Chemist: 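First, the structure itself, so that you have it in front of you.
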Amino acid sequence: MIFDYLSTCDILHGFLKLSTYINSIVLNYNHYQINFRSILKYDFDLICQHIRPNKMVSLILSDGIDTPHRSDVFLSLFKLEEFYLTLQCLTLQDINNQSMELIINHLDKFNNLSSLTILNNNLIPSSILKNLFTRLIRLNISCEWFFYNITLMHQLKYLTITNRCTFNQLEHIIHHIPNLISLNICLERENRATIQGITSNLTRLVLNISIFQMNMIHMKDLLCCFPYLIYFEVECRSDLDLCDGHEWERFIIEKLSRLKTFYFKFQLKSTIILNAIAIQNILHSYSSSYWLNEKHWFIAIEWNQKLIYSVPRFSCESADSNFRPPFHCTTLNKSIFYDHINALAVWEQTEYQFLNVKELWLIDDPLTINLELIIDLNRIERLIFVSSKIDFSSNILIDLINKMKNLISIQFYDIPLSLNQYEQEIFIKQVRSIELTRDYKSFSLIEKLNKLFPQIERLRIKIKSNKDIEKILNIFSKSLSIVIFYYDTSNIIINQKSIENILDHSNFTFTIDNNSIRLWIGLPNISKQVQIEQRRNFGCFSWCSSRKFLFKR
């Protein structure tokens, strides 16, 4: 079904209310995968209004910095009991303690839950998880939560531990999860630096051992426990012997014969000196027919940083106009390095092409550069304009932005003053997010931005007074949903009522910290309708104050 390839918001915006028949299909589709991470408030309201819990199979819930109190609102709209029979995948990220405690107390009753991700710090482990762990297939969780509740887990196949574990704890994982096939883990040093005498059926292993040093002997002892590996990725601080390609080739052929993918990033200890002979010896060891022709595994050496790594897996992803590929590498195809760059800062013309750049930094006044010879403008999703020159013609800049058909976000360090004189009737609707890093010079520039970019949904801006908040919220389009006001003054005093007066409705949440006000704004005509639905379907309601939500059930 086509719905399987679309987000929930795309389905609701694209198909809902086309006809009674299509409405029935939309509302009865029972495989919705809901992602509430950094979602717009009116999209959140739309989903909560139309999608019932028994139609959701996957849920990502997060209290992000740009969507304050989201988990509180969600839990006021839905009863957790309604997810017991249908929810299969659940991700909880940065959830406030009150919401997390409520959800955890229900987790063992989610009968069909097979995948759980909990990315939360400062939480006390719960014994309730022990019953749940025995039923899970996928688990991504912190070390403390996991080992507090460790038990025999025959169903678990995919495990990610988000903070550091000891080798002793790694042994516990192997013993308690006999059918584990994928493990992503970060190891720390203890009295020993390896494990021996046990065998695991793992086929995929991702290791980070960057806080202590490994040598080839210890690495072999560790990997001998995983003879069925197909995918192996490792980052670690290393002795020089760990960088020997000949030794790796012999070991893989003898002990890891099923290995198809091998990525590594070795950071040599500071006392090792990489002279020209040492570099050539390392390169030669990775230049055999086995590495280049049979496996197609290529490496590069950054001698000044004492790094040896797989390419393109650990190749640089951000660069500037002066970027050049590593001089010491085993691949003749240099475009592999340019194609791996996804963030590029430009201030001068270059003869090289970066065809996969999604984030573009324009430094100083690069608008005389022919960017179309350097990048594919249609791939740019985020533009950061960093310029000390604010008097150049804005025509070139607007024309450039208009050519970026997939551009979503723009960040201005300084808004060009010439925007005030820009008279063409151009509306750039693909841009949905604007961030102003420095103080703006006048409100007329803000008005011009709103005119040029009429579909702004996300705004980050510095303010100096309460009056700025009112003016900015009144200037920008009604599509504005996520707003962050930054300030460095003690004169900012705002509360629930004052924001209601500015917006002329109460469908929003907000929070205040030491130097910012964060607003999550819905549509004015949704609020009463959602409240009616809440009372009708769930018998509960919620309201927001400057610091917390209150619930009645």
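A quick note: this is a predicted structure, and the numbers were derived from the prediction, not measured.
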Chemist: For Trp248, which residues count as a side chain to side chain contact (heavy atoms under 4.5 Å, CB included) partner, sequence neighbours excluded?
Modeler: Met216, Met219, Leu223, Phe232, Leu242, Phe251, Ile252, Phe262, Phe266, Tyr286, Trp291
Chemist: Find out whether Leu132 and Ile128 are in side-chain contact, i.e. whether some heavy atom of one side chain is under 4.5 Å from a heavy atom of the other.
Modeler: no
Chemist: Hey, are Asp63 and Arg70 close enough for a salt bridge, meaning a charged N less than 4.0 Å from a carboxylate O?
Modeler: no
Chemist: Checking side-chain polar atoms at under 3.5 Å, does Asn163 have a donor or acceptor matched by the opposite partner on Glu144?
Modeler: yes
Chemist: Any Lys/Arg nitrogen of Arg164 or Glu188 sitting under 4.0 Å from an Asp/Glu carboxylate oxygen of the other?
Modeler: no
Chemist: Mark yes or no: Arg204 above the aromatic ring of Tyr231, with NZ or CZ under 6.0 Å from the six-membered ring centre and no more than 45 degrees from the axis.
Modeler: yes
Chemist: Of all residues at least two apart in sequence or in a different chain, which pass the side chain to side chain donor-acceptor pair (under 3.5 Å) check with Arg432?
Modeler: Glu457
Chemist: Can you tell me if Arg379 uses its side chain to pair, donor with acceptor, with the backbone of Leu355 under 3.5 Å?
Modeler: yes
Chemist: Tell me whether Asp43 contacts the main-chain N or O of Cys9 through its side chain, where contact means a donor paired with an acceptor under 3.5 Å.
Modeler: no
Chemist: Would you mind checking if Arg518 and Asp513 are paired as a salt bridge, meaning a charged N to carboxylate O distance below 4.0 Å?
Modeler: yes
Chemist: With a 4.0 Å cut-off on N to O distance, would you call Glu372 and Lys403 a salt bridge?
Modeler: yes
Chemist: Going by the angle between their ring planes, with limits at 30° and 60°, are Phe323 and Tyr338 parallel, tilted or perpendicular?
Modeler: perpendicular
Chemist: Evaluate the ring planes of Phe83 and Phe74, with Trp represented by its six-membered ring, and classify them as parallel (under 30°), tilted (30 to 60°) or perpendicular (over 60°).
Modeler: tilted
Chemist: Can the positive tip of Arg258 be found less than 6.0 Å from the middle of the six-membered ring of Tyr228, inside 45° of the ring normal?
Modeler: no
Chemist: If the condition is ring pair (Phe, Tyr, Trp, His ring centres under 6.0 Å), which residues does His340 pass it with, not counting sequence neighbours?
Modeler: none
Chemist: Can you establish whether the number of heavy atoms outside His172 located under 6.0 Å from its atom NE2 is more than 12?
Modeler: no
Chemist: Is Thr117 close to Leu139 at the side-chain level, that is, under 4.5 Å between some pair of heavy atoms?
Modeler: no
Chemist: Might you point out which heavy atoms bring Thr86 and Asn112 nearest each other, and give the distance in Å?
Modeler: N-ND2, 4.3 Å
Chemist: Between Glu233 and Lys265, is there a side-chain N and carboxylate O pair less than 4.0 Å apart?
Modeler: no
Chemist: Salt bridge check: are Asp239 and Lys269 linked by an N-O gap of less than 4.0 Å?
Modeler: yes
